[in-house]
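This report concerns only the one structure given below.
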There are 2 protein chains.
Amino acid sequence: MASRNGSQARKREDHDTASDLEQLFGYNLKRAYIIFQTDFRKALGPDGLGPRSFALLALVVRFPNITQSELARALGIERSGLVAIVDELEGRGYLHRVAVPGDRRVQALVATTEGSSAYADALQRVRDHETELLADFTDDEKKMLAHLLQKIRLREDD
Amino acid sequence: MASRNGSQARKREDHDTASDLEQLFGYNLKRAYIIFQTDFRKALGPDGLGPRSFALLALVVRFPNITQSELARALGIERSGLVAIVDELEGRGYLHRVAVPGDRRVQALVATTEGSSAYADALQRVRDHETELLADFTDDEKKMLAHLLQKIRLREDD
DNA sequence: CTTATATTGTTTACTAGGTTAACAGGTTGG
DNA sequence: CCAACCTGTTAACCTAGTAAACAATATAAG
């Protein structure tokens, strides 16, 4: 039995006992992000692309011959962090590094046909999972959410 | 001269060259979260509390004698992940583990006065940094953002 | 041309923030 | 009394990065 101490009689689950955390945008943003990320993995399966690989492949498919430095800038991460992701995607046969005639430092990235179709398939799954996650949202709410998140991203380079 | 050239000069950032990523909620949520998290650290300094420790301390201050299992549920992480955070906060002298008379398995957590005031200070800094990050947002937009993020969190236990 | 500076991809070591599985000790329901 | 279940904890692991150094290459300045 071991009932709680008298001073601690109120239950944690009560709505009127919310912590400061619930009012903070950063905390709620994080929790929301975790929900999406978890569902992303579920949608693409245990052997499917991870979020990072998916994002990188999206850019390579969209911008053939993009370089790793450009990718790093577009994704907002360091160049060094890209290497492992590119290695993984090359290992799957989804893209390859190709030499660029004018500049021998650069390794441009090009998606294979297998990579393009794997990406198209993954994109559909991701869109479906997002649609389901936001099933309770009206079109206006979705538009508003997209707008507000984009607006936050504008503050990126301050 | 200024009008046409200016808009043509932007290359990758243009709307007509956007990747699919820009339309995905998960990706934008992640980027927004990164922006907040980075600014959080800047606001609290190199030796300040990290986001995890801050969140845990917030709950301990708000709910004295909360247990680690209850914390894990509230924060949405595993019990095992809490140990290091509690150790850190105990090491800083911000809280301590206390035995609970009725149940010898449990170690209830109580914030010290030092912990409470460090938390109050940190909370103020975090609120200020969020205010600044969202300086371009109207009150309606902030309310809407808070509402939408909370709504996403409702899908947590599906 | 030559020298200084910058850029590109890469490796290595490190950090943050978790998870999963196992476990000992303590509690509780049948 | 015993089986099942909680609690905190450790250990090993995973994801997603950063920071610093480096060789090869490219570009700018004198």
Side-chain angles (χ1 to χ4, degrees), chain A residues 1-4 26-27 29-31 33-38 40-42 44 46-56 60 65-90 95-109, chain B residues 26-27 29-31 33-38 40-42 44 46-56 60 65-90 95-109:
Chain A
M1 182 55 89
S3 62
R4 285 260 165 272
Y27 184 74
L29 218 33
K30 177 180 185 167
R31 296 294 294 254
Y33 156 63
I34 298 289
I35 291 167
F36 269 76
Q37 206 227 28
T38 302
F40 179 103
R41 288 184 186 286
K42 215 168 56 186
L44 264 56
D47 294 342
L49 293 169
R52 302 184 306 163
S53 308
F54 174 81
L56 194 151
V60 174
N65 292 302
I66 193 172
T67 70
Q68 297 190 35
S69 288
E70 289 170 323
L71 276 172
R73 234 172 294 131
L75 293 171
I77 63 180
E78 294 299 313
R79 296 194 316 283
S80 58
L82 283 172
V83 180
I85 312 175
V86 173
D87 284 350
E88 185 219 320
L89 289 171
E90 198 171 32
L95 58 78
H96 43 265
R97 295 161 157 106
V98 299
V100 169
D103 188 336
R104 282 187 300 179
R105 293 171 302 184
V106 180
Q107 307 261 97
L109 301 181
Chain B
Y27 184 73
L29 218 34
K30 176 179 187 168
R31 296 294 294 255
Y33 156 63
I34 297 289
I35 291 167
F36 269 76
Q37 205 226 28
T38 302
F40 179 103
R41 288 185 185 285
K42 214 167 58 188
L44 264 55
D47 294 341
L49 293 169
R52 300 185 309 164
S53 308
F54 173 80
L56 194 151
V60 173
N65 292 302
I66 193 171
T67 70
Q68 298 190 36
S69 289
E70 290 170 322
L71 276 172
R73 234 171 295 133
L75 293 172
I77 63 180
E78 294 299 314
R79 293 192 325 274
S80 58
L82 284 172
V83 180
I85 312 175
V86 173
D87 283 351
E88 184 218 322
L89 289 171
E90 198 171 32
L95 58 78
H96 42 265
R97 294 162 157 104
V98 300
V100 169
D103 189 337
R104 284 185 298 178
R105 292 170 303 182
V106 179
Q107 306 263 96
L109 301 181

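Every heavy atom of this structure was used, including side-chain atoms; hydrogens, water molecules and symmetry mates were not. Note that this is a predicted model, so its numbers are computed, not measured. Residue numbers begin at 1 in each chain, while the letters A, B, ... track the order of the sequences.
Using a 4.5 Å heavy-atom cutoff, the side chains of A:Glu90 and A:Arg97 are in contact. The shortest side-chain heavy-atom distance between B:Asp103 and B:Thr67 does not fall under the 4.5 Å cut-off.
Across C:dG17, D:dG17, C:dT10, the shortest atom-to-atom separation from the side chain of B:Arg52 is found for C:dG17. The side chain of A:Glu78 has D:dA19 as its nearest neighbour among D:dA19, D:dA26, D:dA16. Closest to the side chain of B:Gln37, out of D:dT15, C:dT27, C:dG17, is C:dG17. Distances were taken from every side-chain heavy atom of A:Pro51 (C-beta onward) to each of D:dA16, C:dT19, D:dT25; the shortest belongs to D:dA16.
In this structure, the CG atom of B:Leu49 is 16 Å from the C1' atom of C:dG17, given to the nearest Å. As rounded to whole Å, 11 Å separates atom P of C:dG18 from atom CG of B:Leu56. Rounded to whole Å, atom C1' of D:dT15 lies 16 Å from atom CG of A:Leu44. Distance A:Arg41 CZ to C:dG18 P: 14 Å, rounded to the nearest Å. Straight-line distance from the CD1 atom of A:Ile34 to the P atom of D:dT15: 15 Å, rounded to whole Å. One interatomic measurement links the two molecules: CG of A:Leu95 to C1' of C:dG9, which rounds to 15 Å at whole-angstrom precision. In this structure, CG of B:Leu82 is placed 12 Å from C1' of C:dG17, rounded to the nearest angstrom. Taking atom OH of B:Tyr27 as the reference point, atom P of D:dA16 lies 13 Å away to the nearest angstrom.
If you check distances only, the side chain of A:Arg105 does reach the base of C:dT7 with a donor-acceptor pair under 3.5 Å.
The ring-ring contact (aromatic ring centres under 6.0 Å, His included) test applied to B:Phe40 returns B:Phe54, not counting sequence neighbours.
The shortest heavy-atom contact between A:Glu88 and A:Ser53 is OE1-OG, 2.7 Å. The two residues B:Val100 and B:Ala108 make their nearest non-hydrogen contact at CG2-CB, 3.5 Å. Counting all heavy atoms, side chain and backbone alike, A:Ala55 lies closest to A:Leu75 at CB-CD2, 4.0 Å.
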Verdict with reasoning, A:Leu71 to A:Val60, per side-chain contact (heavy atoms from CB on, under 4.5 Å): CA-CA 8 Å; A:Leu71 276 172; A:Val60 174; 4.2 Å; yes

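Residue B:Arg104 places none of its side-chain N or O atoms closer than 4.0 Å to OP1 or OP2 of C:dG25. Of the side-chain N and O atoms in B:Arg97, one or more sit less than 4.0 angstrom from OP1 or OP2 of D:dT9. At the phosphate of D:dT7, OP1 or OP2 sits under 4.0 Å from a side-chain N or O atom of B:Ser69. B:Lys30 has a side-chain polar atom (N or O) that falls below the 4.0 Å cut-off from OP1 or OP2 of D:dG17.
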N/O contacts under 3.5 Å, protein versus nucleotides 10-14 of chain D?
none

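Residue pairs meeting the salt bridge (Lys or Arg N to Asp or Glu O under 4.0 Å) criterion with at least one member in residues 76-85 of chain A, sequence neighbours excluded, do not occur.
A:Glu88 comes within 4.0 angstrom of no nucleic acid atom, judged by non-hydrogen atoms across all strands.
Both A:Gln107 and B:Gly50 lie close to DNA chain C; mapped to their nearest nucleotides by heavy-atom distance, the more 5′-ward contact belongs to A:Gln107. Nearer the 5' end of DNA chain D, as judged by each residue's closest nucleotide, is the contact made by B:Ala108, out of A:Gly102 and B:Ala108.
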